[in-house]
Amino acid sequence: MASPRRFWLFKSEPGVFSFEDLLRARGKRTGWDGVRNYQARNLLRDDIAVGDGVLYYHSGGKAPSIVGLAKVTRAGHPDPTQFEEGSKGYDAGSDPKDPRWVQVTIQGVQALSKPLSLGDLKQERGLAGMALVQRGQRLSVQPVSVKEWRRVLQLGGVADDPTGP
DNA sequence: GCCAACGTTGGC
DNA sequence: GCCAACGTTGGC
């Protein structure tokens with residue numbers, strides 16, 4: 001029996017790569033590259049599977065918000081930018097035979113009818129346990145529980161989970 | 001622009 | 001192995 005799908009929240013600065021950018025990308029897909037934190041890397045490498053659901057979060061700006069839904073279409077594989085000399089993600093210490101950094105591929109599905117700002121989320125009692133609303137939480141890839149996922153979709157005006165199988 | 005929180009680095 | 005210094009994230 002296949003393990004149940006899981007849910008995640010990915011942070012991105014919209015000025016770097018926004019949800020709109022994702023929807024405009026070829027196949028609405030992108031390699032989620034550039035993660036250079038070991039805890040997040042481990043999630044990408046070990047825990048995130050094809051079919052998992054992703055909340056797309058815009059950090060920074062006046063009202064940082066969850067803005068869209070995506071799904072994982074390819075599990076962890078080496079992040080090519082770690083070997084690109086001159087790129088921001090270049091890591092001279094990463095061995096091509098044993099790459100240090102991992103990406104997954106995600107595909108944009110749809111924007112939330114109602115984007116949910118961090119302020120909105122903090123006011124929801126049912127979401128008090130979300131990693132995102134915890135003080136000092138900086139992880140750019142975070143686990144989301146099924147309950148949190150459902151609540152976010154409900155609040156975001158999405159009736160049926162469009163990322164489902 | 002400020003600054004709290006956190007992760008990483010490197011001297012010892 | 002400790003910990004100070006430094007860099008980054010990201011809300012405000």
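Here is how names work: the chains are called A, B, and so on, in the same order as the sequence lines, proteins then strands, and each is numbered from 1.
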With side chains defined as the heavy atoms from C-beta onward, is the minimum distance between A:L121 and A:L132 less than 4.5 Å?
yes
A:H77/A:Q103 under side-chain hydrogen bond (donor to acceptor under 3.5 Å, both in side chains): CA gap, chis, key distance, verdict:
CA-CA 6 Å; A:H77 55 283; A:Q103 67 176 12; 3.0 Å; yes
Is A:V54 reachable from A:W149 through a run of I, L, V, M, F, W or Y residues, each pair having side-chain heavy atoms under 4.5 Å apart?
no
Nucleic acid footprint by protein, nucleotides 7-12 of chain C - heavy-atom cut-off 4.0 Å, B for base, S for sugar-phosphate alone
BBBSSS
Quick one: do A:R100 and A:D91 make a salt bridge, cutoff under 4.0 Å?
yes
Ring centre gap for A:Y56 and A:W8 strictly below 6.0 Å
no
